[in-house]
Novice: 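Could you have a look at this structure, given as structure tokens, before my questions?
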Amino acid sequence: MDSFLQRFRDFQKTLFFDFFCFFWTGAFAFLAFAPFYLSHLVWIAPFGLFWITHKYSGRYWRLVGYGFLFGVFFYAIAFHWIHHMAMVFGNFPWPIAFIILLLAGVLFGAKFPIFLVSYSFLSRRVGKHSVWVAGVCGMAADMIGYQLFPWYWGNLAAGNIILAQTVEISGVYGLSFLVFVISYTIFETNPLHLPEILKSKEKRSHFIKFWTLPLALLLLFVIVGSSLYVKWKNVTPSKTLEILVVQPDAPMSIRDERGRSPREVIEDLMGRMDKMVENAVQRAGKNPDLIILPEAGIPYFSANRELLKIRMGDRIYWPRFDSLMVSFANRYKASVFFNEIDAAYKIKSSGREYLRYFNNNVVYDPNGVRRQAYQKQYLVMFGETMPFEFMYDLSPQTGRFDPGESFDLLHYYSAVPKENPQTVLPVTWEKTEGIDADFVRNYYSPTHTELKDEGSFLPLICYEVIVPEFVRKFKDSGNPQFIANLTNDKWYGTTTESDQHFELGRLRAIEWRRWLVRSTNSGISGYVDHLGNFIEGKSTSLMKAETSWQQIQVIDSPPGFYVLYGNLIPWMMIILTAIYYGNLLLRVYRKKD
């Protein structure tokens with residue numbers, strides 16, 4: 001064993017060891033995350049960071065460079081799907097797509113150099129390493145480092161459902177703190193020294209002191225998490241809702257590889273969607289309360305008739321799209337929640353240069369009347385917008401969207417039953433040819449009923465669901481009954497992106513204590529309860545047209561600590577740590593003087 005340790009020490013001195021550290025952290029962080037959910041591996045994933053920090057302590061420029069290399073390796077392993085997206089979405093050749101993947105690791109992996117430099121600086125200046133400093137530096141790096149696809153070390157530990165409950169109070173960054181505290185404690189504990197420690201009273205005392213804080217913190221997280229789990233598991237819902245999620249697997253482009261015309265492609269999609277909803281309702285034997293279609297479920301078009309007043313080069317309002325949504329609402333007496341493209345003039349002018357496009361979610365009530373809408377605000381760079389104008393020429397498929405401004409919740413409605421309800425023959429997709437939405441709405445007028453406002457829900461589009469600070473901004477608009485996330489992950493094919501996207505959004509259900517409904521164009525669609533559990537058997541497959549029906553619970557509870565106060569606890573920990581170690585640094589410098 002001693003010879004093995006000596007060989008390892010010799011290996012640590014080589015350049016190959018540095019690359020071993022990059023790979024170690026990237027690989028174990030990837031395996032701890034979705035879709036593998038080997039969350040216990042998160043406790044050893046940061047070891048690569050600790051090895052490098054100790055080897056190059058005080059060599060800050062080296063640590064900065066190595067920090068970005070950690071980002072490159074992590075992105076190349078865990079977010080390899082960026083390469084696939086660059087080829088499919090951006091039409092870039094394989095080598096260019098690979099360079100884009102590596103650049104993403106550099107541009108959006110700042111959390112790694114932030115940790116290496118901050119932890120090395122504090123440890124070196126104070127003169128000792130500390131589990132607390134490791135935890136705070138890891139947490140601060142998560143909070144400060146900008147990421148295009150925000151993931152945090154706490155997400156990797158949230159596969160443990162008990163620990164995940166604590167995000168209701170401390171947010172995901174609290175779990176990041178715990179990860180680095182426990183990981184560093186394990187890292188500094190050499191099991192080969194245990195016999196020697198047990199024999200020496202002094203070493204035994206030091207060992208106990210070293211483990212006291214980490215064990216106390218872990219115990220605190222387990223106790224709090226267990227208490228919250230029991231509390232919310234036994235809560236009685238105020239009501240239930242029947243939700244039908246439609247995953248149409250709409251094409252990324254209406255330029256069909258099989259030689260069909262764009263009209264044939266979109267006709268096939270709409271007809272398939274119509275049949276999917278009809279078959280799902282027939283199987284259930286009842287009408288849903290809400291029909292939810294995903295982002296880009298009907299790509300490139302809008303159901304907003306107001307757009308007819310706007311002078312565009314290409315008309316994006318499609319009467320048949322609008323007619324089908326009106327038909328869905330009236331046929332099944334359900335609210336319909338779907339995604340579309342919207343547009344408006346930035347100022348009161350009809351000039352095309354002032355025209356702005358929006359990624360828009362909208363609700364139709366059970367009588368087919370258009371209600372509230374939500375325009376996406378957290379736009380994805382390189383997907384929906386570009387930082388510089390010339391970059392649009394490099395990726396013509398990138399959207400030119402503007403962000404919305406409203407954080408209003410959307411309302412949904414139910415139809416008040418009639419004593420003698422009238423029925424009419426359904427307006428199917430084929431019958432919408434040559435008619436408009438007003439005609440369909442008038443046709444169904446004998447079935448129209450009084451409506452009841454059932455309450456509100458939180459609408460999120462795509463990556464908005466993975467940014468906790470952004471989702472918190474809806475708190476001033478009211479208390480939602482559930483969260484609906486409409487997404488289009490088709491650009492990523494059958495890679496792990498959709499699993500990771502779903503997993504990152506899962507913690508919003510715990511923070512808000514609300515069910516999360518995820519509707520995607522091509523998978524994975526599904527449901528998360530207020531405890532953060534995926535509803536088994538209700539998640540769809542990738543790259544397939546499917547529907548999923550689930551009765552969700554509405555939890556009537558006031559906003560929790562995280563929703564009200566956000567990252568108050570993490571910021572307090574950072575500030576108090578800065579004050580404490582700032583005083584220590586002052587004492588060190590005074591002694592030197």
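Numbering of residues begins at 1 and proceeds along the displayed sequence.
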Novice: Under the side-chain hydrogen bond (donor to acceptor under 3.5 Å, both in side chains) test against Asp365, which residue among His411, Arg371, Lys452 passes?
Specialist: Arg371

Novice: Please list every donor-acceptor pair under 3.5 Å in which a side-chain atom of residues 136-153 meets a protein atom from a residue at least two apart or in another chain.
Specialist:
residue	atom	partner	partner atom	Å
Asp142	OD1	Lys111	NZ	2.6
Asp142	OD2	Trp153	N	2.9
Asp142	OD2	Ser176	OG	2.6
Gln147	OE1	Trp151	N	3.4
Gln147	OE1	Trp151	NE1	3.2
Gln147	NE2	Trp151	O	2.9

Novice: Using only heavy-atom distances, determine whether the side chains of Asn359 and Gln375 contain a donor-acceptor pair under 3.5 Å.
Specialist: no

Novice: Could you give the side-chain donor-acceptor pairs of residues 224-231 under 3.5 Å, partners two or more places apart or in another chain?
Specialist:
residue	atom	partner	partner atom	Å
Ser226	OG	Val222	O	2.7
Ser227	OG	Ile223	O	2.8

Novice: For a 4.5 angstrom cut-off between non-hydrogen side-chain atoms, does Leu269 reach Pro248?
Specialist: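 The answer is yes, as the side chains (C-beta and beyond) meet within the 4.5 Å cut-off.
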
Novice: Can you confirm if the aromatic rings of Phe301 and Phe321 lie within a centre distance of less than 6.0 Å?
Specialist: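 Not close enough - the centres of the two rings lie 6.0 Å or further apart.
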
Novice: Would you be so kind as to tabulate the donor-acceptor pairs closer than 3.5 Å made by side chains of residues 22-36, with sequence neighbours excluded?
Specialist:
residue	atom	partner	partner atom	Å
Trp24	NE1	Ile44	O	2.8
Thr25	OG1	Ala45	O	2.9
Thr25	OG1	Gly48	N	3.4

Novice: Passes salt bridge (Lys or Arg N to Asp or Glu O under 4.0 Å), Asp249 versus Lys490? Steps please.
Specialist: CA-CA 8 Å; Asp249 195 27; Lys490 194 176 180 71; 2.5 Å; yes

Novice: Show the numbers, then the answer: is there a side-chain contact (heavy atoms from CB on, under 4.5 Å) between His530 and Gln553?
Specialist: CA-CA 9 Å; His530 61 289; Gln553 298 178 356; 3.9 Å; yes

Novice: Hydrogens and angles aside, do Gln500 and Trp81 bring a side-chain donor and acceptor to less than 3.5 Å of each other?
Specialist: yes

Novice: Give the table of side-chain donor-acceptor pairs shorter than 3.5 Å for residues 566-573, with sequence neighbours excluded, one pair per line with atom names and distance.
Specialist:
residue	atom	partner	partner atom	Å
Asn567	OD1	Tyr562	OH	3.4
Asn567	ND2	Glu469	OE2	3.3

Novice: If you take the centroid of each ring, where Trp contributes its six-membered ring, are Phe115 and Tyr119 closer together than 6.0 Å?
Specialist: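 When the ring centroids of Tyr119 and Phe115 are compared, they turn out to be within the sub-6.0 Å range.
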
Novice: For Ser406, what residues pass the side chain to side chain contact (heavy atoms under 4.5 Å, CB included) criterion, not counting sequence neighbours?
Specialist: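 Side chain to side chain contact (heavy atoms under 4.5 Å, CB included) check on Ser406 returns Asp408.
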
Novice: Are any of the side-chain heavy atoms of Ser498 and Leu542 separated by less than 4.5 Å?
Specialist: yes

Novice: Ring centres under 6.0 Å, that's the criterion: do Phe401 and Tyr357 meet it?
Specialist: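 No, they do not, as the ring centres are separated by 6.0 Å or more.
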
Novice: Take Trp232 and Glu168 through the side-chain hydrogen bond (donor to acceptor under 3.5 Å, both in side chains) test and state the conclusion after the steps.
Specialist: CA-CA 11 Å; Trp232 290 106; Glu168 180 191 342; 3.0 Å; yes

Novice: Throw together a table of side-chain donor-acceptor distances under 3.5 angstrom for residues 454-464, partners on residues two or more places apart or in other chains.
Specialist:
residue	atom	partner	partner atom	Å
Glu454	OE1	Lys239	NZ	2.9
Glu454	OE2	Ser414	OG	2.6
Tyr463	OH	Tyr492	OH	2.8
Tyr463	OH	Glu497	OE2	3.4
Glu464	OE1	Tyr374	OH	3.1
Glu464	OE1	Ile461	N	2.9
Glu464	OE2	Tyr374	OH	2.8
Glu464	OE2	Gln377	N	2.8
Glu464	OE2	Tyr378	N	3.1

Novice: Quick one: do Glu340 and Arg370 make a salt bridge, cutoff under 4.0 Å?
Specialist: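 Counted as a salt bridge, because a side-chain N and a carboxylate O are separated by less than 4.0 Å.
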
Novice: Less than 3.5 Å apart, any donor N or O on the side chain of Thr185 or Trp211 sitting next to an acceptor on the other?
Specialist: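 Side chains of Thr185 and Trp211: no pair found under 3.5 Å.
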
Novice: Whether Asp489 and Arg518 form a salt bridge (side-chain N of Lys/Arg under 4.0 Å from carboxylate O of Asp/Glu) is what I want to check.
Specialist: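 Looking at Arg518 and Asp489, the cut-off is met.
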
